Amino acid sequence: MSRPMSANFHDILAERGFIAQSTDAEIRARFAGPAPVTAYIGFDPTADSLHVGSLVPIMGLYWLQQCGHRPLVVVGGATALVGDPSGKTEARKMLSREDVQANAQAIARQIGSVVRFDDSATGAVLLDNADWLASLTWIDLLREAGPHFSVNRMLTMDSVKGRLEGNGISFLEFNYMVMQAYDFRQLYRSHGCTVQMGGQDQWGNIVMGLELARRTDEAHLAGLTFPLVTRSDGGKFGKSEKGNIWLSPERTPPYEFYQFWRNVGDADVRKFLGFFTTLPMAQVDALTAEGGAAINHAKEVLAYEVTRLIHGQAAADAAKASAQAAFSAAKDVSGDAIPHAALAAAELAPGIGILALCVKAGLATSNGEARRLIAGGGLSLNDQPVADDKRVVTPTDAVEGRLVIRAGKKRWFRFDIG
RNA sequence: GGGUAGAUUCCGGAGUGGCCAAACGGGGCAGACUGUAAAUCUGCUGUCUUACGACUUCGAAGGUUCGAAUCCUUCUCUGCCCA
C-alpha cells in the first residue's frame, strides 16, 4: 500500500492545532518519505471506557493512518498496574490484572471505531505492554536499563516534581516513567516504531524513552505531544453535570454525548471542530466565520460529526433528530434518543410521588435533591411547572401515554406508560 | 530509627467542648437574561421528613463528659526535619 503523497501528517496536525511540542525540528521530514512511519500512543486501561479527553490522541492516530502511516495502540496493561503519576497530586488505586485486561479489550474496541485495525501496511496494531514488561526480572532490568537513567534528571521531570511538592510519590509510581521509556525502545526494536505521541503530560515520559534508545541502540526516535484540551472559560474539558463524558454508550448515551458537543462554548467550536471531526479545515473556517447566533449551526455540525464518528451514523441521526424536536417550539420529546424508560400502568395507578419519580428518572439522586429542584422552580411535568413537592402523579397526568419530566432546560426524561 | 506537623463534608480549607450538618472559596445544580453559548445577578448544595424534627458525617477503634469534629488512649496513613 503506497502513501498518498498529498498530505503530510505533520502538516495536518499543525493545521488542526494538534501539536504542542515536538522533540526535533526536523520531525516533519520523517513523515514525508515514501515509507510508512510507525508511531505509537499509549492508553491507560484504568477504566472500561475512554472519555472524550482521549479523543485527541485517538484522532492523532486517525490522521496518522489517513496519511499512510502505521499506528500502534499500546494498552498499558503493565503500566496500569503501577499508575501514572503525571497530573495527579496523589496516588491512584491499583487495579487487579483481570480488571486491566478487561478494560484493555473494551478500550481497543472503542479506538477501533475510528482507527482501522488490520494486517495491512497501515493497519493499526494493538499491543499490551504487559507482554514484554511482565516477564522482566528485577535484576536484569536494573543491570540493563538502570545505568541509563539519571535519578537527578528524573527528579526534575514535571510529573515527578508535582508530586514532590504534593503528597509525595511512591517508588512504585516513580518507576512509571522507566516502564514507559522501556516501552518506546521495545517498540522500536520489535516494530520499527520511531515516533511516540501523547498528551502534553507525557512529554517527560517520551523524552526518557527517546534517550534510552539513543544510549543503548543509537536510535534517533522522535516524540510529539498534543495540547491539553482546555475550555475557553477555564472549566475542565470533558466534564458535565454527571461527571465525565465517556465514549461508551452505556456510560454516556449517544443523546447525552451529542448534547455535550452541542453545548460547548462559542469560543471553543472552531478548535473542537479541528480536533474532533474530520472535516477539512476550509469547511471548519466557513462554518465558524460568522459570529453570534450563527455559531449554533456550527455546534450542530460538531455534535453530529463527533457522535457519528464514535457511535455511528444511525445514532448520530437519532440524537440530532431528537435534540431538534425537543428544543424546537413544539418540544416534541417522543424520539427514541431522548432518555426514556417504560413505566408499568399498574405501578402508576396508585399514584407515584413526584420526588420518587424524579429519582427514578435519574434527574435527582435523592428525594432531597429533587425537593430542592422543585423549590428552585426547575422541574416540570409534561411542560407544566411543578411547584408542589408533595405532588402525586397518577395515570391522569399522562399525555398520550407519556410522562415527560424535565429538570432545568436541558435534562429530560420520558416514561412510556404501558 | 528519632523528632515534628497533619488526616474535616465533591475539592481546597476554617473550626479546637455546647451557638456545628460544620465558616469561606472553588466546583456542581436551578432561576433570571439569552442563541440548548459566554458573562452577569439570585437561590440551593449530608440523608429521611409536609413540618416540628430525626438520623448519619469531621482517618479507625475505644474512653472522659449531661454534651465531642473539638479532650484522653491506642491504631492506620501522610508531609517535613534529623541520623
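In what follows, chains carry the letters A, B, and so on, assigned in the order in which the sequence lines appear, proteins first and then strands, with residues in each chain numbered from 1. Source: prediction; values computed, not measured.
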Worksheet item: Does rU73(B) have a Watson-Crick or wobble partner in any strand here, with both distances under 3.5 angstrom, and which is it?
Response: rA61(B)
Worksheet, complete the sentence: Rounded to whole Å, the CZ-P distance (Arg372(A) to rC48(B)) equals 8 Å
Discussion item. Between C1' on rA38(B) and CG on Asn296(A), what's the gap in Å once rounded to a whole number?
Written reply: 12 Å
Practice prompt. Taking only the side-chain nitrogens and oxygens of Arg391(A), find out if one of them lies under 4.0 Å from OP1 or OP2 of rU50(B).
Written response: no
Fill in: Rounded distance in Å - CZ (Phe272(A)) to C1' (rA38(B))
13 Å
Worksheet item: When you compare rA21(B) with rA14(B), how far apart are their C1' atoms, in angstrom units rounded to a whole number?
Response: 15 Å
Discussion item. Looking at the base of rU45(B), is there any donor atom on it, or on the side chain of Glu369(A), that sits under 3.5 Å from an acceptor on the other one?
Written reply: no
Worksheet item: Does the pair Glu305(A)/Arg308(A) count as a salt bridge with the N-to-O cut at 4.0 Å?
Response: yes
Worksheet entry | Spacing of Asp266(A) atom CG relative to rU36(B) atom P, expressed in whole Å | 11 Å
Fill in: Pairwise P distance, rU74(B) and rU4(B) [rounded to whole Å]
14 Å
Fill in: Spacing between Arg262(A) atom CZ and rA38(B) atom P, to the nearest angstrom
11 Å
Worksheet item: Counting heavy atoms not belonging to Gln21(A), are there more than 12 under 6.0 Å from its CD?
Response: yes
Fill in: Any strand: nucleotide that pairs with rC24(B) via Watson-Crick or wobble, under 3.5 Å
rG12(B)
Practice prompt. Any chance you could measure Arg262(A), atom CZ, to Gln324(A), atom CD, to the nearest 0.5 Å?
Written response: 9.0 Å
Item to complete: Take atom CZ of Phe327(A) and atom P of rU34(B), then tell me their distance rounded to the nearest Å.
Response: 18 Å
Discussion item. I want to check one thing: is the phosphate of rC48(B), taken as OP1 and OP2, less than 4.0 Å away from some side-chain N or O of Arg371(A)?
Written reply: no
Item to complete: Specify the separation, in whole Å, of atom NE2 of His297(A) and atom P of rU36(B).
Response: 15 Å
Worksheet item: Using atom P of each nucleotide, how far apart are rC10(B) and rA60(B) to the nearest Å?
Response: 13 Å
Item to complete: Name the orientation class of the two ring planes belonging to Phe272(A) and Phe276(A) (parallel below 30°, tilted from 30 to 60°, perpendicular beyond 60°).
Response: perpendicular
Fill in: Rounded distance in Å between the P positions of rU70(B) and rU8(B)
14 Å
Worksheet item: Under 4.0 Å between a Lys/Arg side-chain N and an Asp/Glu carboxylate O for Lys299(A) and Asp266(A)?
Response: yes
Worksheet item: Which base, if any, makes a Watson-Crick or G-U wobble pair with rA32(B), both distances under 3.5 Å?
Response: rU40(B)
Worksheet entry | P spacing across the pair rA68(B) / rC55(B), given as an integer number of angstrom | 13 Å
Fill in: Between rG3(B) and rU9(B) - C1' atom distance, rounded Å
33 Å
Worksheet item: For rU49(B), does either OP1 or OP2 sit under 4.0 Å from a side-chain N or O belonging to Asn367(A)?
Response: yes
Worksheet item: When you compare rU56(B) with rG6(B), how far apart are their C1' atoms, in angstrom units rounded to a whole number?
Response: 25 Å
Worksheet item: Are the side chain of Arg411(A) and the backbone of Leu363(A) linked by a donor-acceptor contact shorter than 3.5 Å?
Response: yes
Worksheet entry | Check: Phe18(A) ring centre within less than 6.0 Å of Phe275(A) ring centre | yes
Worksheet item: What nucleic acid atoms does Leu379(A) come within less than 4.0 Å of, heavy atoms only: base, sugar-phosphate, or nothing?
Response: nothing
Worksheet item: Pick the nucleotide of RNA chain B nearest each of Ala294(A) and Asp389(A); which residue has the one closer to the 5' end?
Response: Ala294(A)
Worksheet, complete the sentence: Whole-Å distance, Asn263(A) CG to rA38(B) C1', equals 12 Å
Worksheet item: With a 4.0 Å cut-off on heavy atoms, is Val264(A) in touch with a base, just the backbone sugar-phosphate, or nothing at all?
Response: sugar-phosphate
Item to complete: Compare the minimum distances between each of rA32(B), rA30(B), rU50(B) and the side chain of Lys409(A), then state the nucleotide with the smallest one.
Response: rA32(B)
Worksheet item: OP1, OP2 of rC48(B) versus side-chain N and O of Ser366(A): anything below 4.0 Å?
Response: yes
Item to complete: Please check the phosphate of rU34(B) (OP1 and OP2 only) for any side-chain N or O of Lys410(A) closer than 4.0 Å.
Response: no
Discussion item. My understanding is that a pair needs two contacts under 3.5 Å, Watson-Crick or G-U wobble. By that rule, which nucleotide pairs with rG1(B)?
Written reply: rC82(B)
Fill in: Pairwise 5' ranking along RNA chain B for Gln259(A) and Gly376(A), keeping only the more 5' one
Gly376(A)
Fill in: Separation of the P atoms in rG62(B) and rC29(B), to the nearest angstrom
39 Å
